[in-house]
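What follows is one structure encoded as structure tokens, with my remarks underneath.
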Number of protein chains: 2
Amino acid sequence: MILSKTTEYALSILSYMATRTDEVYSAEYLFNELKIPRSYLRRLLTGLSKFGFIKSSLGRKGGFVFAKDIKEISFYQIINTMEGADAMNTCLLGFSCCIVDHPCVMHDIWMEARSKMINTLSNTTLADLKEKYQQDLLKNLRSI
Amino acid sequence: MILSKTTEYALSILSYMATRTDEVYSAEYLFNELKIPRSYLRRLLTGLSKFGFIKSSLGRKGGFVFAKDIKEISFYQIINTMEGADAMNTCLLGFSCCIVDHPCVMHDIWMEARSKMINTLSNTTLADLKEKYQQDLLKNLRSI
DNA sequence: ATTAAATACTACAAATAGGTGGCATTTTAT
DNA sequence: ATAAAATGCCACCTATTTGTAGTATTTAAT
């Protein structure tokens with residue numbers, strides 16, 4: 001658990017963008033919506049561009065849009081990219097020896113818990129999130 | 001995922017102690033076994049005492065033993081204690097507004113993945129670990 | 001052309017996490 | 001008594017993460 005703040009910010013930005021329309025989002029606009037520290041947010045957006053989740057357009061009316069279909073972006077991908085390659089695949093105890101032949105004492109327990117989590121995170125994309133979000137909006141409208 | 005190094009160390013120490021006999025473990029002994037940086041390990045052991053997982057005895061032949069029955073120590077407790085209260089119970093996106101009435105867009109998805117994990121971690125104690133470890137030892141003996 | 005609104009880049013500052021070393025105290029063996 | 005082997009405590013150092021600020025560049029509206 002306990003994702004880094006940077007990863008939380010990335011999830012926040014991308015899920016915000018995904019659940020809204022296909023507009024171009026400026027850093028300033030996202031700052032007002034998400035309250036992520038302004039300068040850090042700008043750097044993060046540049047980073048997310050370099051990672052290929054979004055792309056930027058320069059100049060007035062510029063900003064950020066998704067660089068690919070949001071069906072292609074899973075939560076696992078986002079977390080894994082932000083936290084560094086295979087951050088979720090390491091031995092819980094940080095033993096470098098913890099491989100199939102020489103598992104550490106907690107290997108099996110950790111594998112089980114983790115694999116459940118990874119399954120859910122891999123099978124859920126930003127598109128799923130958008131769908132769910134819009135269903136919830138509808139449900140709330142009906143109940144008014 | 002991605003527990004802090006300190007939490008990994010704590011899990012390493014406690015699971016090591018649990019799967020061995022009921023001896024008193026000195027910091028120096030654990031240092032040799034676990035290769036956690038010596039000084040940091042000593043500080044950590046003092047910390048684990050303060051948290052009530054283990055207790056220390058001073059002087060020559062002193063060291064650390066469990067402060068309570070290892071049936072009473074779950075992995076969830078260890079992680080939660082080390083990472084700070086309810087570190088696993090916060091909103092994934094770090095929104096302070098993310099409560100039942102006003103969940104953030106990822107609330108449900110995160111809750112589901114997380115609750116599976118927490119279930120496993122809460123239901124597994126150091127005693128379970130010990131039992132499993134000893135069964136594995138037996139199995140390996142038989143296959144020799 | 002000029003200005004405004006946007007991103008890119010970069011150097012620095014602050015906060016947190018991880019790690020070290022020394023000295024004081026306690027206990028046991030001799 | 002003294003020395004050895006242990007923990008307790010504390011001050012400091014280092015590395016990493018998070019956050020800030022300013023300048024350069026690009027684009028569109030006027």
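Proteins get letters first, then strands, A, B, ... in listed order; numbering begins at 1 in each. Worth saying up front: this structure is predicted, and the values here are computed from it rather than measured.
Using a 4.0 Å heavy-atom criterion, one finds that A:Ser26 contacts the sugar-phosphate atoms exclusively. When heavy atoms are screened at a 4.0 angstrom cut-off, A:Ser49 is found touching no nucleic acid atom at all. Residue A:Gly59 is classed as a base contact, given a heavy-atom separation below 4.0 Å to a base.
Close to D:dA6, at under 4.0 Å from its OP1 or OP2, lies no side-chain N or O of B:Ser56. The shortest distance between the side-chain N/O atoms of A:Lys50 and the OP1/OP2 oxygens of C:dC9 is below 4.0 Å. Regarding contacts with the backbone of D:dG19, a side-chain N or O of A:Tyr9 is found under 4.0 angstrom from either OP1 or OP2. For B:Tyr29 and D:dA6, the shortest distance from a side-chain N or O to OP1 or OP2 is not below 4.0 Å. Taking side-chain N and O atoms only, B:Ser57 has no distance below 4.0 Å to OP1 or OP2 of D:dT7. Contact check, B:Ser4 against C:dA17: no side-chain N or O comes under 4.0 Å of OP1 or OP2. Listed pair A:Thr6 / D:dT18 meets the phosphate criterion, a side-chain N or O lying under 4.0 Å from OP1 or OP2.
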Exercise for the section: Determine, step by step, whether B:Thr46 and B:Ser49 satisfy the side chain to side chain donor-acceptor pair (under 3.5 Å) criterion, reporting the C-alpha distance in whole Å, the side-chain angles of both residues, the deciding distance to 0.1 Å, and the verdict. Expected result: CA-CA 5 Å; B:Thr46 305; B:Ser49 300; 6.0 Å; no

Practice task
Before giving the answer on side-chain contact (heavy atoms from CB on, under 4.5 Å), spell out for A:Ile36 and A:Leu30 the whole-Å C-alpha distance, their side-chain angles and the decisive distance to 0.1 Å.
Solution key: CA-CA 8 Å; A:Ile36 296 166; A:Leu30 290 171; over 6 Å; no

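Spacing between atom NZ of B:Lys61 and atom C1' of D:dA3 amounts to 15 Å, rounded to whole angstrom units. The interatomic distance linking B:Ile54 (CD1) with D:dA6 (C1') rounds to 14 Å, in whole Å. In this structure, A:Lys5 atom NZ and C:dA14 atom P are separated by 17 Å, rounded to whole Å. In this structure, B:Glu28 places its CD atom 16 Å from P of D:dA4, rounding to the nearest Å. If you measure from atom CZ of A:Arg38 to atom C1' of C:dT7, you get 15 Å, rounded to the nearest angstrom. If you take CD of B:Glu83 and P of C:dT16, they are 15 Å apart, rounded to a whole angstrom. Protein atom CG of B:Leu3 is 11 Å distant from nucleotide atom P of C:dG18, rounded to whole Å. Distance, B:Tyr40 OH to D:dC12 P: 19 Å, rounded to whole Å.
At a cut-off of 3.5 angstrom, the base of D:dG8 holds no donor-acceptor pair with the side chain of B:Thr46. Between the side chain of B:Arg42 and the base of D:dG8 there is at least one donor-acceptor pair of N/O atoms closer than 3.5 Å.
Salt bridge status for A:Arg42 with A:Glu28: absent, with no side-chain N to carboxylate O gap under 4.0 Å.
Considering only side-chain atoms of B:Leu58, the nucleotide from C:dT28, D:dT7, C:dT20 that sits closest is D:dT7. Side chain of A:Arg43, nearest nucleotide from D:dA4, D:dG19, D:dG8: D:dG19.
A donor-acceptor pair under 3.5 Å is absent between the side-chain atoms of B:Glu83 and the main chain of B:Leu3, judged by distance alone. Judged purely by atom type and a 3.5 angstrom limit, A:Lys35 uses its side chain to pair as donor or acceptor with the backbone of A:Asn32.
Mapped onto DNA chain C by nearest heavy atom, B:Pro37 and A:Tyr25 fall at different nucleotides, with A:Tyr25 at the one closer to the 5' end. Comparing A:Ser39 and B:Arg60 against DNA chain D, the residue whose closest nucleotide sits nearer the 5' end is B:Arg60.
Surrounding NZ of B:Lys71 are at most 12 heavy atoms belonging to other residues, nucleotides or ligands under 6.0 Å away.
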